[in-house]
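Numbers for residues simply follow the sequence, beginning at 1. Values below: all heavy atoms of this structure, side chains included; hydrogens, waters and symmetry mates excluded.
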Amino acid sequence: MFQTVLILATLLCGLVAGLLFGFAVVAMPGINTLNDGEFIRAFQVMDRVIQNNQPLFIVTWIGSVILVVAAVLLGVRELDGAQLGLLLVAAAVYLVGVQVPTATINIPLNNRIQQVDTVQAEDEVLAEERTAFEPRWNQWNRIRTVMAIASTTMLLIVLLRL
């Protein structure tokens, strides 16, 4: 049971890492070239897919959390020494380095940018909203990306040592 849970946790954490990486190196640099209103609207459209509870996204994102926690709970009985330590660090890095910033920084920024009316807002307001959003969102997305890749790598190492 533990090995299956660990494989699935690693897979889902890897998918989350890939999503964050895709935003960091493709989506955000791509929409960065747009003017303020177009940038905000493009982000709103992408984020709306997630906020509308896109099923595969939800299963992947929430499933990764559940499976990482389950892997730790099962791993405490199955592993010891360095393997258990690495599993615990991987889980902590994933939960604290990916999930906490998502909940406390990126989602609130997403919710704020969703409230901007790109049709009615004046150019100055659009510029202010983008400035309040883009640098901070990108900074924390880069942090989440590195943490997700690091935790997935650690989970892979645990798997390879089984």
Side-chain angles (χ1 to χ4, degrees), residues 1-33 39-40 42-114 130 132-162:
M1 177 82 159
F2 167 67
Q3 189 172 15
T4 301
V5 170
L6 183 59
I7 289 168
L8 292 172
T10 305
L11 173 64
L12 293 186
C13 288
L15 289 171
V16 168
L19 174 73
L20 298 173
F21 181 78
F23 263 88
V25 302
V26 176
M28 296 307 282
I31 67 173
N32 173 265
T33 62
F39 170 89
I40 291 169
F43 189 88
Q44 288 172 334
V45 170
M46 289 186 292
D47 183 55
R48 180 63 51 209
V49 172
I50 294 168
Q51 289 199 20
N52 284 338
N53 295 318
Q54 202 286 337
L56 290 175
F57 175 84
I58 297 300
V59 167
T60 301
W61 197 274
I62 302 301
S64 70
V65 172
I66 292 167
L67 288 169
V68 163
V69 171
V72 166
L73 294 174
L74 294 170
V76 167
R77 293 189 326 211
E78 300 285 327
L79 302 174
D80 59 11
Q83 278 185 292
L84 178 58
L86 191 57
L87 176 61
L88 293 172
V89 171
V93 167
Y94 187 72
L95 297 172
V96 174
V98 177
Q99 297 300 327
V100 169
T102 297
T104 61
I105 297 165
N106 292 87
I107 289 175
L109 287 169
N110 294 1
N111 292 339
R112 177 179 170 166
I113 208 77
Q114 283 294 344
R130 181 176 183 170
F133 173 83
E134 187 178 19
R136 189 163 188 231
W137 196 96
N138 283 332
Q139 174 188 10
W140 280 99
N141 190 62
R142 285 188 296 272
I143 291 168
R144 295 184 308 161
T145 301
V146 169
M147 295 296 115
I149 292 169
S151 62
T152 301
T153 302
M154 288 183 266
L155 291 172
L156 283 168
I157 291 168
V158 173
L159 267 173
L160 290 172
R161 292 183 175 179
L162 288 182

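Between the side chain of Asn141 and the backbone N or O of Leu20, at least one donor-acceptor pair lies under 3.5 Å. Under a 3.5 Å cut-off, the side chain of Thr152 and the backbone N or O of Ile149 do not form any donor-acceptor pair.
Between Phe133 atom CZ and Phe43 atom CZ the span is 3.5 Å, to the nearest 0.5 Å. Within the model, atoms CZ of Phe39 and CD of Gln44 stand 10.0 Å from one another, a figure rounded to the nearest 0.5 Å. Going from atom OG1 of Thr60 over to atom CG of Leu67 covers 10.5 Å, rounded to the nearest 0.5 Å. One distance of note links OG1 of Thr104 with CG of Leu109; it measures 9.5 Å at 0.5 Å rounding. Taking CG from Leu155 and CG from Leu160, the interatomic distance works out to 11.0 Å, rounded to the nearest 0.5 Å. Leu156 CG to Leu11 CG: the interatomic distance, rounded to the nearest 0.5 Å, is 10.0 Å.
Side-chain contact between Asn32 and Met28 is absent, with no heavy atoms from C-beta onward closer than 4.5 Å. With contacts defined as side-chain heavy-atom distances shorter than 4.5 Å, the pair Trp61/Thr102 qualifies. For the pair Val25 and Thr145, the minimum side-chain heavy-atom distance is 4.5 Å or more. Residues Arg142 and Phe23 have side chains not in contact (no heavy-atom distance under 4.5 Å, counting atoms from C-beta outward). Residues Phe57 and Asn52 form no side-chain contact, since every pair of their non-hydrogen atoms from C-beta on lies 4.5 Å or further apart.
Few gaps surround CZ on Phe2; more than 12 heavy atoms of other groups in view lie less than 6.0 Å from it.
For the side chain to side chain contact (heavy atoms under 4.5 Å, CB included) test with Ile62, the passing option among Val65, Ile66, Val59 is Ile66; the others fail.
Listed by chain and residue number, nothing satisfies the salt bridge (Lys or Arg N to Asp or Glu O under 4.0 Å) test with Arg48 (two or more places apart in sequence, or in another chain).
Annotation: cation-pi pair Arg130/Trp137 absent, no NZ/CZ under 6.0 Å from the ring centroid and within 45° of its normal.
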Would you list the atom pairs, donor with acceptor, under 3.5 Å between side chains in residues 68-87 and any protein atom, with sequence neighbours excluded?
{"unit_1": "Gln83", "atom_1": "NE2", "unit_2": "Arg161", "atom_2": "O", "d": "3.2"}

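Of all heavy-atom pairs between Pro101 and Gly97, the closest is CG-O, 3.4 Å.
A side-chain donor-acceptor contact under 3.5 Å links Gln114 and Asp47.
Applying the side-chain hydrogen bond (donor to acceptor under 3.5 Å, both in side chains) test to residues at least two apart or on different chains, none of the pairs has a partner in residues 1-12.
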